[in-house]
Amino acid sequence: SPPTLHPFPPLNPIIPMFLVALSFAYFAKALSGSYMKSTITQLERRFDIPSYLIGVIDGSFEIGNLLVIAFVSYFGAKLHRPKIIAVGCVLMSIGTFIIALPHFIIGSYEYETSVRVIVNSTLNPSPCQVGSSSNLTQGGKVPEVPATGCADESNLSMWIYVLLGNVLRGIGETPVQPLGISYIDDFATEENAALYVGCVQTISVVGPVFGYLLGSLCAKIYVDIGFVKMETITITPADARWVGAWWLGYLIAGVITLLSAIPFWFLPRSLPMSGARKAIHLHFLLLHVDRNTGVCFKLDFYPSTDFIPALRALLGHPVYLIYLCVTIIQLNSLIGMVTYKPKYIEQHFRQSASKANFLMGVINIPAVALGMFSGGLLMKRLKLNVMGAARFAFGTSLIGYILSLFFFAMSCENAKVAGVTLSYNSTDTISYDKHSVFASCNSYCSCSASDWDPVCGENSITYLSPCLAGCTSSAGSGKNTVFSNCSCVGVAGNLTANTGQCLHKDDCDRMFPYFLALSVITSFIISLGGTPGYMLLIRCIKPQLKSLALGFHALATRTLAGIPAPIYFGAIIDTTCLKWGEKRCGGIGACRIYNTTAYRNAIHGALANGGAELEALRKEEFVISNSSDNSTDRETRL
């Protein structure tokens with residue numbers, strides 16, 4: 001009898017198991033990566049470091065990835081791929097645990113405060129220690145007294161552990177993408193391979209949502225929860241000195257990543273392949289997935305005699321070169337914005353770190369994912385060719401850029417802080433001129449100008465400390481402490497001040513919903529052009545140069561955008577700081593308050609890159625048009 005014909009080839013049960021394991025690994029690495037970005041302000045405050053160092057830590061992941069990507073992708077394909085992926089997941093987990101390690105080394109978090117924390121004590125020390133002005137140095141500061149315990153501190157900064165842990169995370173993440181996708185590509189049927197890869201990429205979009213939500217949860221919890229009595233904590237999550245339980249999220253992410261490694265140890269090295277897939281390739285293949293776009297590609301290793309001419313031909317292609325410059329500029333802006341956007345929401349709109357991370361997770365990230373998906377769907381429905389894809393990418397970039405200009409108008413007034421944004425002599429107009437924190441009303445107090453222990457006076461003005469507010473007495477304890485006889489609060493004296501900064505959130509609360517709406521719309525529209533733009537790259541390159549083009553594109557964007565963008569964005573943000581904290585043993589710490597106007601211009605000024613991007617896209621469209629007019633073979637020529 002004739003053999004029975006099956007409409008679909010039999011499904012190997014190992015492939016679905018591998019797909020589930022790989023999806024879980026993608027979820028774990030995406031969760032830990034987004035959680036890292038959600039803890040930026042927590043790490044700054046805990047380790048007393050400026051923003052540019054946070055940028056160095058964030059970019060170290062890409063450095064670790066680039067160090068071993070070629071080695072792992074080439075030699076990993078010759079070894080047991082599932083076990084190599086398992087080793088990578090274990091390394092990611094170890095790196096994540098190393099990031100949390102400093103919390104258990106450096107002891108309890110100490111912050112500046114003059115508030116009494118012993119509830120049953122009757123002693124109420126005076127914030128204003130009356131002394132002679134001769135006790136002050138020329139700069140108006142109290143002579144420095146070395147803090148106790150400084151001699152025992154290690155010279156090695158604890159943030160180095162966070163940096164090394166993130167580098168190890170980058171190294172461990174390397175085999176997950178190329179070896180995982182190549183395993184599916186080799187052993188899944190051609191009909192199912194694309195579907196499986198799409199499922200994995202979808203899961204990788206879900207990971208950041210949960211990462212930011214985890215960051216939101218941990219930011220609400222005090223850093224030393226379980227080690228200190230919470231009634232002794234005198235600050236709230238809205239305070240610039242608050243540090244959440246940043247380490248807890250890394251422990252959770254590390255455990256999840258470690259669990260994701262377990263299934264790979266039990267999967268086989270290879271599976272039966274169809275006859276078509278047993279063909280011997282003429283050159284070695286490097287499979288990789290662009291981390292910024294999520295697109296999978298193969299990179300061919302050309303012989304040394306062919307590589308240089310191929311690269312020269314590639315960089316001489318006008319469309320490719322313009323697109324490469326466009327994406328580098330675009331990703332510099334995108335990565336810098338994504339890295340520091342939660343911090344911007346905190347500083348500019350005076351939201352807590354918890355709320356900022358929550359909004360990033362439930363609003364912004366889904367908008368970007370929906371935009372990328374919708375862009376691909378529209379491209380299919382509209383059946384866009386190369387010219388259509390170029391016009392579509394240009395149109396979305398133009399609309400997104402125009403909408404982004406409205407961010408400059410969405411501002412709220414800077415906090416009124418005496419001696420920082422206000423003069424003691426004129427408390428009506430905000431000014432960013434250099435003001436003195438010392439005035440006649442606190443001249444009889446031996447105050448330190450470097451302290452950051454803010455109190456809110458009855459006149460709705462924040463003072464750097466109760467001493468600089470001229471307060472001579474206090475009542476109550478902890479968060480309920482009330483300072484009285486504050487001579488700087490009013491001319492008549494006998495006025496009071498409460499712990500913490502004055503909120504002044506009325507104008508910010510009115511503007512914040514409009515900011516969120518515009519942010520979501522802009523993110524969605526700009527993301528619409530992501531998929532057509534990438535397809536433009538694929539279709540414009542000759543088939544024999546396509547793999548090299550995609551690989552060089554990924555290398556260039558990581559090197560010129562993924563690594564430097566967080567660093568120089570952080571350095572620009574540091575220039576807008578109005579009041580730096582001071583480390584316990586001396587030296588500049590984390591910034592306490594920013595010039596929000598300059599901060600807004602620094603962050604959204606990066607959108608000026610959109611102007612260069614639009615001009616490049618316009619030139620790219622012109623080049624494509626000319627090429628198509630003069631070419632007899634459109635596909636090969638483009």
Side-chain angles (χ1 to χ4, degrees), residues 23-44 54 58 61 92 96 99-100 166 169 173 200-221 223 237-238 242-257 260 291-294 334-374 407 512-527 530 566 569 603:
S23 299
F24 188 29
Y26 263 66
F27 172 82
K29 72 182 184 65
L31 182 144
S32 58
S34 58
Y35 182 76
M36 162 64 75
K37 294 188 180 298
S38 75
T39 57
I40 280 181
T41 53
Q42 315 296 315
L43 295 176
E44 281 186 20
I54 285 293
D58 187 72
F61 178 90
M92 278 197 295
T96 308
I99 293 175
N166 210 32
R169 278 187 58 244
E173 188 261 358
V200 171
Q201 299 299 334
T202 302
I203 295 298
S204 68
V205 175
V206 177
V209 175
F210 284 89
Y212 278 106
L213 292 179
L214 179 61
S216 174
L217 176 63
C218 293
K220 291 181 180 179
I221 306 172
V223 59
W242 176 271
V243 176
W246 60 273
W247 54 272
L248 181 60
Y250 286 111
L251 294 182
I252 295 173
V255 170
I256 293 175
T257 308
S260 71
R291 181 166 173 256
N292 296 311
T293 61
L334 174 65
I335 292 171
M337 279 290 294
V338 170
T339 302
Y340 294 103
K341 192 167 187 177
K343 180 176 179 177
Y344 176 77
I345 293 175
E346 290 179 51
Q347 294 293 332
H348 194 80
F349 294 100
R350 297 165 201 155
Q351 305 294 327
S352 66
S354 176
K355 186 173 182 179
N357 290 326
F358 177 81
L359 293 172
M360 282 290 293
V362 301
I363 295 180
N364 273 89
I365 300 299
V368 172
L370 181 61
M372 294 178 65
F373 175 79
S374 301
F407 281 120
F512 191 50
Y514 297 103
F515 170 83
L516 290 179
L518 182 61
S519 179
V520 170
I521 294 172
T522 305
S523 299
F524 174 78
I525 292 177
I526 293 178
S527 300
F569 261 79
I603 288 293

To the closest 0.5 Å, what do you measure between [atom1] ([X]) and [atom2] ([Y])?
X    : Y    : atom1 : atom2 : result
E346 : S354 : CD    : OG    : 9.5 Å
L213 : C218 : CG    : SG    : 11.0 Å
L248 : L217 : CG    : CG    : 7.5 Å
D58  : K37  : CG    : NZ    : 3.5 Å

Regarding Y250 and T39, do their side chains bring together a donor and an acceptor under 3.5 Å, going by distance alone?
yes
Does NZ or CZ of K29 lie under 6.0 Å from the centre of the six-membered ring of F27, at an angle within 45° of the ring axis?
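Ring-cation test returns no.
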Main-chain N/O of [Y] paired to [X] side chain as donor or acceptor, under 3.5 Å:
X    : Y    : answer
S519 : F515 : no
S38  : Y35  : yes
S216 : Y212 : no
S260 : T257 : yes

If every non-hydrogen atom of [X] is compared with every non-hydrogen atom of [Y], which pair is closest and at what distance?
X    : Y    : result
S34  : G211 : OG-CA, 3.2 Å
P366 : G361 : CD-O, 3.4 Å
P566 : Y340 : O-OH, 2.7 Å
R169 : S32  : NH2-OG, 3.3 Å
I99  : W246 : O-CZ3, 3.3 Å
I40  : T339 : CD1-O, 2.9 Å

Identified side-chain contact (heavy atoms from CB on, under 4.5 Å) counterpart of Q42 within the set V243, N357, V223:
V243
Pairwise side-chain contact, [X] with [Y], heavy-atom cut-off 4.5 Å (strictly under):
X    : Y    : answer
I256 : F24  : yes
F569 : I335 : no
W242 : S352 : no
F61  : E173 : yes
Y344 : F407 : no
F524 : V368 : no
F349 : K355 : no
K343 : E44  : yes

